[in-house]
Amino acid sequence: MDAIERLIAEDPGQRGVAALAIAGDLGRAAASLVKAKRVLLLSGFHIPRAGAAETDGPPGAWDLANALNDLGASVSTATDSVCWRVFEGMGFAPLLPAEEAAARANEFDHVVAIERPGRAADGRSYTMNATPIPDVFPFDDLVAQCRMFGVSTIAIGDGGNEIGMGKASAAALRSIPRGETIASVTKTDHLIVGGTSNWGAWGLIAALSMIARKNLLPSEDAARATLERAVSAGAVDGVTALREPTVDGLTWPVHASMLRRLTDLVAAALADHA
Ligand code: ZN
Ligand code: ZN
């Protein structure tokens, strides 16, 4: 588990992600999620200057939904109207409008937010460049309610401005660029931090694989096809704002290498206990 945590916190964007991570939360999140029956995934990060959702988030959500289905859980995904087109185009089903998911939050035993804008101290949500995100649905309230009702909440992020980052250290959040403005105050029970949020999702799947004793990670071809499908559905790179199959400005070989190394870690762990 520690090896996975270290690997996914590789920081090609030099955002200081390792300092945001909570040591041990990946294992704790996986230990809880492996027993899930009904899971709600929240994802979709709107990039205002492109008018579209970014490529970080939806592919990770897709792969996590598949892994959880494989473990016998039923999985619903929710996003808001500004990101809807990408999730619908990728084929997420069931896909819930944000308002409906919020009204039905008590039907789930786990909620996982993956690269989802989180409320900052001033009540707004921001991009990494400190641009306010218009028309963002505040899943923060749903997450807070779930925590009150005992629904287990997990968040995956890579920048400090996402739901869940309220759990990161105040000093680490202050040290990210424009941290005083963009850092999210919304907490979850567990926080997973990756160099990209898709890596965080893969890290969580790798941890689930070790606990469940079977590899639940996507193949390299499947993962690449999922990213291509996100782009075909209108997703853009969150850093370049271009409609290309890159994530946070990183080309596919960088992501393929991360997936390969996680797959190797899972294979080694399963072989150890065979
Ligand atoms: Zn992010
Ligand atoms: Zn990202």
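Both counts, for ligands and for their atoms, begin at 1 and track the order of listing. No hydrogens, no waters, no symmetry mates; every other heavy atom, side chains included, goes into these values.
Considering just the N/O/S atoms of Asp56, the one nearest the Zn ion (ligand 2) carries the name OD2. When the Zn ion (ligand 2) is compared with the N/O/S atoms of Asp248, atom OD2 turns out nearest.
With Arg38 contributing its side chain and Glu107 its backbone, the two residues share a donor-acceptor pair below 3.5 Å.
Under 4.0 Å is where a charged nitrogen must lie from a carboxylate oxygen, and between Arg28 and Asp189 no such pair does. Using a cut-off of 4.0 Å between Lys/Arg side-chain N and Asp/Glu carboxylate O, Asp80 and Arg116 are scored as salt-bridged.
Inclusion of Glu162 in the first shell of the Zn ion (ligand 1) is supported: an N, O or S atom falls under 2.8 Å.
With the Zn ion (ligand 1) as the vertex, atom OE2 of Glu115 and atom OD1 of Asp158 span an angle of 130° (nearest 10 degrees).
Relative ring orientation between Phe92 and Phe87 is described as tilted, the plane-to-plane angle lying within the 30° to 60° band.
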